[in-house]
Structures are given as structure tokens and as C-alpha cells.
Amino acid sequence: MSRPIAITCGEPAGIGPEIVAKAWAELSDTVLMMWLGDPRHLPEGTPWTSISDASEAHTVCGEALPVLEHRFAQPATPGTPDLANAQGVIDVIAKGVELVRTGAASALCTAPINKKVLMDGANFAYPGHTEYLQALTDAPRAVMMLASDQLRVVPATIHIALDAVPTALTPELLAETISITAHGLREQFGIADPRIAVAGLNPHAGEGGAMGHEEGTWIAALIADMAANDLDVSGPWPADTMFHAKAREKYDAAVCMYHDQALIPIKTLDFDRGVNVTLGLPIFRTSPDHGTAFDIAGQGIANPTSMIEAIRLAAKMAAGA
């Protein structure tokens, strides 16, 4: 790779700086990367070298973590977020997107953020990374996929309350989610003819109207229409029978109706290796599938596996572009 993966610092009081340092130690010989953030926030003893331009990363990465410095308002205390640093977290994400969009970096990998800290400290107007990245890239729609070797899942609705799901879940939204998922599987995962299974909204996929009406009134018809247009999509399937081993052999990704319906299965099956992939953007973006873990930050015990897998996947996508 001639252009590095840009890795954002995320919440500096969380485990992000620690898992990035560990990921660099694991991958420095095979993946070209650079970290965007304040070097004061890196764990003590981390080998790092300041760079002034992304093009310098290749001269550094084998010996030290290349750091494109972005100074924050305050140092970081592990486990105790400082609202004064919230704007810095937001600005680093925007800088990472800019580097990829201009071609200076090949892909973006984002460390975990804490949405409440950003909202309280900087009036962050987005429910999460996915929505902010959509705004930064002017993408018509961004879709969140959680991926591992065992399962890929896509929630049609993301960071909204459960009682808001039936209203937010429209035929247009579901059709768009399925289409973007199929495109992402082809373009970012190299699956020429992707198979997509769609979960029902209600228990037992509505059980013929006994437990809900959406499946019968429009979801099944929408899936049938899309399948008739040369897309390998099936459903709606009862969500409680979609995720055992035999069922997973029949599809490349599952489109689910809401956040927990999608995320609980993959975090149960492969918590440490799950990767968050944003589909629908004009850039490649991945992230570890976990949060800031304030309770263990600064103790040196954070598991870097998901970050390692996220960087590897970003590099793989960029190499196949």
C-alpha cells in the first residue's frame, strides 16, 4: 500500500489510544497506517513519531506509530472524559474523512467515541459515527454493517428508540437498505452475487398477522418485488431462527429491522472480531465493534482484536479498490 490507513483517536479517555497502540505493534510490518490525535493521549511508552503529511507514514510505520498531530484542549485521564476535548474528537473525524477523500489516505478506521460526551461537550448533532460520516461525505444514505468471519448484519434503523422503529421503517428505507447492502457486498467484499436474508419486524415474522401486520401488508411484497428484479433476497424470516449455524450458511448478510436485532447475534457469536463497516459512503470506513470501555481504560488490559480486524479489513478493501 502506498497510502496509509487513517486511524482516528476517538474518545481519548477511553480504550481507543491503547488498542491502536497494540494494533500498530501487531500490524506495523504488514499494514501502512497513521494515527490522528494528540500524542499526549497515547499510552506511556508507545513508540510514535510525528509526521507533517500522510505521505511520510511509510518512512516511519515499521519503527514507530506515525502520528499526524491534532492538539486537544486538555490531556486525557483514562476513564474520566473531559468535555473540553469533545470538539477535538469531532474535528479529528472530519480530518480523517478529508484525508481519504483527497486521496492522501486509502481508508478510514475510527476508534470508539462516546456520543453523550460529544453532545454535552460540543453539541454534537448526530446519533453516532455513521450519521456524521454520511453528512461529511454528502452521501445520500449511509448504512451500518457489522461484519465478522461468522456473520454480517445490517440494521435498517439504527440509533433510535424501539418504539420509533415501526414508524421509521418505511418501504423506501428498507428497499434502500437492501440495495446498499447488496452493492456493498459486491464492491467492498468482492461477492459477485450476494445473498441477502431479511428479518421480520415482529415475533415469528408476524405469524400470519397474529403477532403484527407489517410483514403481511408490505414487507413480504417488497422483498418479492426486489427478488423479481434479479436480486437474491429472501424473507421476511423469523429473527429467532436466522442466526444458528445452518441458517447462516444460506446468506451472505442479514438485513434486520432495528439495532439490537442485528447487533445481539454478531456480538454473541464473535464479540472480539466484529467490525463496523459503513456502506453507502464514497470512502472505505471501518471501526471496532465496541465502545469506549471507560471502566477498563488505562489499565493495559483492553483487547485490541476488534481494532486489529478493523484495520485489516480497511486495508483489504482499499487494496481491492
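Being a predicted model, the structure only gives us computed values, none of them experimental.
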Does [X] use its side chain to pair, donor to acceptor, with the backbone of [Y] at less than 3.5 Å?
X: E69; Y: I51; result: no
X: T110; Y: S287; result: no
X: R152; Y: M145; result: no
X: W24; Y: C61; result: yes
X: R40; Y: F72; result: yes
X: R3; Y: V100; result: no
X: T157; Y: H259; result: no
X: D232; Y: P194; result: no
X: Y251; Y: S234; result: no
X: S306; Y: G274; result: yes

Side chain to side chain, [X] and [Y], heavy atoms closer than 4.5 Å:
X: P112; Y: E11; value: no
X: T46; Y: V20; value: no
X: D252; Y: F189; value: no
X: C9; Y: D38; value: no
X: P265; Y: L151; value: yes
X: Q188; Y: V277; value: yes
X: V89; Y: V117; value: no
X: K95; Y: H70; value: no

For residues [X] and [Y]: do they belong to one hydrophobic cluster (side chain heavy atoms under 4.5 Å, members Ile, Leu, Val, Met, Phe, Trp, Tyr)?
X: I158; Y: I196; answer: no
X: I160; Y: M257; answer: yes
X: I180; Y: I178; answer: yes
X: L281; Y: L108; answer: yes
X: V154; Y: I219; answer: yes

Relative to each other, are the rings of Y132 and F124 parallel, tilted or perpendicular (30° and 60° limits)?
->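 Y132 vs F124 ring planes: perpendicular.
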So, taking the atom named [atom1] in [X] and the one named [atom2] in [Y], what distance separates them when rounded to the nearest 0.5 Å?
X: T170; Y: E176; atom1: OG1; atom2: CD; answer: 8.5 Å
X: W48; Y: M34; atom1: CH2; atom2: CE; answer: 15.5 Å
X: I266; Y: L146; atom1: CD1; atom2: CG; answer: 5.0 Å
X: Q261; Y: D240; atom1: CD; atom2: CG; answer: 9.5 Å
X: M307; Y: T286; atom1: CE; atom2: OG1; answer: 8.0 Å
X: N202; Y: E207; atom1: CG; atom2: CD; answer: 11.0 Å

Show the numbers, then the answer: is there a side chain to side chain donor-acceptor pair (under 3.5 Å) between T102 and E98?
-> CA-CA 6 Å; T102 59; E98 178 190 3; 5.9 Å; no
So does D149 pair up with R273, basic N to acidic O under 4.0 Å?
-> no
Lys/Arg N to Asp/Glu carboxylate O, E18 vs K22, below 4.0 Å |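 K22 and E18: salt-bridged.
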D193 atom CG, neighbour heavy-atom count above 12 within 6.0 Å | no
So which atom in [X] and which in [Y] form the shortest heavy-atom distance, rounded to 0.1 Å?
X: W237; Y: A197; answer: CD1-CB, 3.9 Å
X: A73; Y: N85; answer: N-OD1, 3.3 Å
X: L99; Y: L36; answer: CD1-CD2, 3.7 Å
X: A239; Y: A199; answer: CB-CB, 4.3 Å
X: A105; Y: A6; answer: CB-CB, 3.9 Å
X: A142; Y: Q134; answer: N-OE1, 3.2 Å

Steps toward side chain to side chain contact (heavy atoms under 4.5 Å, CB included) verdict (M317, I5) | CA-CA 11 Å; M317 289 178 175; I5 306 297; over 6 Å; no
Taking it one step at a time, do T305 and D272 satisfy side chain to side chain donor-acceptor pair (under 3.5 Å)?
-> CA-CA 6 Å; T305 304; D272 290 333; 5.4 Å; no
Given the rule in the side chain to side chain contact (heavy atoms under 4.5 Å, CB included) test, do R248 and L269 qualify, once you have shown the distances and angles that lead to the verdict?
-> CA-CA 11 Å; R248 299 198 309 273; L269 287 167; 3.6 Å; yes
Stepwise side chain to side chain contact (heavy atoms under 4.5 Å, CB included) check, M226 with S179 = CA-CA 9 Å; M226 297 189 78; S179 296; 3.4 Å; yes
R101: what forms a salt bridge (charged side-chain N to carboxylate O under 4.0 Å, His left out) with it, not counting sequence neighbours?
-> none
Does the side chain to side chain contact (heavy atoms under 4.5 Å, CB included) test come out yes or no for L173 and R141, once each step is laid out?
-> CA-CA 10 Å; L173 178 75; R141 170 94 192 284; 3.4 Å; yes
